[in-house]
Protein chains: 2
Amino acid sequence: MSVPKFAQIKEFILENIQSGEWQENDRVPSENELTSQFQVSRMTARRALSELTDAGILTRSQGQGTFVASFKSQSSLLEIKNIADEVKARNSNYSCTILVMESISAIAPIAIALGVEVDSHVYRSVIVHNENEQPLQVEERFVNPALAKDYLQQDFHSLTPHEYLSQTAPLTEARHTVEAIMPNQEMCEWLNLYNEEPCLQVIRRTWSTQGIVSFARLVSPGSKYRLGGHLTFKK
Amino acid sequence: MSVPKFAQIKEFILENIQSGEWQENDRVPSENELTSQFQVSRMTARRALSELTDAGILTRSQGQGTFVASFKSQSSLLEIKNIADEVKARNSNYSCTILVMESISAIAPIAIALGVEVDSHVYRSVIVHNENEQPLQVEERFVNPALAKDYLQQDFHSLTPHEYLSQTAPLTEARHTVEAIMPNQEMCEWLNLYNEEPCLQVIRRTWSTQGIVSFARLVSPGSKYRLGGHLTFKK
DNA sequence: ATAATTTCCTTGTATATACAAGATGAGTTG
DNA sequence: CAACTCATCTTGTATATACAAGGAAATTAT
């Protein structure tokens, strides 16, 4: 069987939506109607509807029927990729410089972000990620020692901190914020910026089941780095 | 039945992953093993595995088995929401000021971005979105007249351009880039910025089946606006 | 010993069937 | 007229069964 039947039904439905034939909130054929239209079993028709529902393209309501989801509910998403992979994908040379690896006493904002007590010890690393030997991103990371006690012993030339942490403490959640900032003088030096320029800053906090694992600040010059996102309608 | 059997199996698998019992790339029980462990039919066990696979938590390979997906493959996503909804969700007052509604002759970069011929006519609008009467975001939008010929006749106080366009020409695809920029003087005036400050700029291009519908530039002051994202492990 | 075949376990597709439960409208009853 | 019941449509859960197809390892043939 070249194209599975359930996939043919999915295509049929998607074509009707994309052509504008079926508008937002319109009703789509029920499982039984598709069953007789396509001469398949109800379970096969159901599979097509269920998968499109999981993909956010349809909504279903027991007793009422299945409907075209409103586009509004389809959020536009941006992807934050691993910087090392991204550089390698561009066929550029990736390298990194480790500036700081230390254990420090947590001041209030850092302690709060990590969910530990003020003045307790936390690990801090500062790494510059380079593309073709030019600084592309500074990663300043604070790590909860309880959840990654060997953090300072790692060699982050071969494995990024994010990769190490997700192996050590299984990650269950991550939160990000993105903002535009003006770098301070220290950051300008790290990034080799002679003229001040706006930077994109991503704050990432990661959780495991045992608590907050780490808190990272990723800063890139606006002229060299941007985030990309892509949303397609069909699966 | 309070909790469906397939959901119980999903929970069982998720707990084992979150506790660290099953690590990345570890093999999880096969459909047949779950069938006998939980005393369910193969189709029920299969449903649990399939749904977790669709959610990106497991990967499956015919003949080999089912495995815990690597966290790396789980992309971190940022959501770009409708600005009006976002302001209202904060219980603030939303308003907008329409600065420009015009038909212009497309210079090269705009014509290319819209996929029309250079010097052909395109629509342009500039709208300032306010939170509590303070400018929060400037939306400059170029629209392909072939796909939304009544664009200039709309009243965008009641309906945002994005909402209007997605009703008029069913959207099938969207692409975004996010970057940090320094606003030019005109933009500073629109945003009421006395001191220059970095801004977050989102470029959004939207497609319908008939071609590129519009090209928008959304600029917000870095001090007032940020993008947020959230990634949870469990469904 | 190496190569080809077979066997077995895995996931993938598809059907027929059964019952549960939500929504709706028609018809009945008060 | 209002309220209730019921039939019927919808989706939701669950099972048993069948065959297809990929992958790996054991077996057999060369």
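Convention: sequence-line order gives letters A, B, ...; per-chain numbering from 1.
- Below the 3.5 angstrom threshold, one finds a donor paired with an acceptor across the side chain of A:Arg42 and the base of D:dG12.
- Atom C1' of nucleotide D:dT10 and atom CG of A:Leu34 are separated by 13 Å, given to the nearest angstrom.
- Note: B:Gln64 CD to B:Thr59 OG1 = 9.0 Å, rounded to the nearest 0.5 Å.
- Considering only the side chain of B:Ser41, D:dT15 comes nearest among C:dT15, C:dA21, D:dT15.
- When rounded to the nearest whole Å, the span between CD of B:Glu51 and P of C:dT11 equals 16 Å.
- Put simply, the side chain of A:Gln64 and the base of C:dA23 share no donor and acceptor less than 3.5 Å apart.
- Between C:dT11, C:dA14, D:dG12, one nucleotide has an atom nearer to the side chain of A:Thr44 than all others, and that is C:dA14.
- If you measure from atom CE of B:Met43 to atom C1' of D:dT17, you get 10 Å, rounded to the nearest angstrom.
- Closest approach to the B:Arg60 side chain among D:dT10, D:dT17, C:dT11 is made by C:dT11 (side chain taken as heavy atoms from C-beta onward).
- Nucleotide C:dT11 holds its C1' atom 15 Å from the CG atom of B:Leu52, rounded to whole Å.
- For D:dC9, the OP1/OP2 oxygens have no side-chain nitrogen or oxygen of A:Asn32 closer than 4.0 Å.
- Here D:dG23 presents its P atom at 12 Å from CZ of B:Phe67, a figure rounded to the nearest Å.
- For residues 36-47 of chain A, the set of pairs meeting the side chain to side chain donor-acceptor pair (under 3.5 Å) definition, not counting sequence neighbours, comprises A:Glu31-A:Arg42, A:Glu31-A:Arg46, A:Ser41-A:Thr44, A:Arg47-A:Glu51.
- Taking atom CZ on A:Arg27 and atom C1' on C:dT24, their separation rounds to 11 Å, with Å as the unit.
- Between B:Phe6 and B:Phe38, the distance from one ring center to the other does not fall under 6.0 angstrom.
- Taking side-chain N and O atoms only, B:Ser61 has no distance below 4.0 Å to OP1 or OP2 of C:dT11.
- Judged by closest nucleotide on DNA chain D, A:Gly65 is the one of A:Arg46 and A:Gly65 placed further toward the 5' end.
- Open room surrounds CZ on B:Arg226; 12 or fewer heavy atoms of other groups in view lie less than 6.0 Å from it.
- Scanning atom types as modelled, no donor and acceptor separated by under 3.5 angstrom connect the side chain of A:Arg47 and the base of C:dG12.
- Regarding A:Phe38, its CZ atom lies at a distance of 16 Å from the C1' atom of C:dA14, rounded to whole Å.
- Considering only side-chain atoms of B:Glu31, the nucleotide from C:dA14, C:dT11, D:dT10 that sits closest is C:dT11.
- Note: CZ (B:Phe6) to P (D:dT13) measures 4 Å, nearest angstrom.
- Between B:Trp22 and B:Phe12, the ring planes lie perpendicular to each other; the angle is over 60°, past the 30° to 60° tilted range.
- Residue A:Gln39 is the one, among A:Gln39 and A:Gln62, whose nearest nucleotide of DNA chain C lies closer to the 5' end (criterion: closest heavy atom).
- Taking only side-chain nitrogens and oxygens, B:Thr66 comes nearer than 4.0 Å to OP1 or OP2 of C:dT11.
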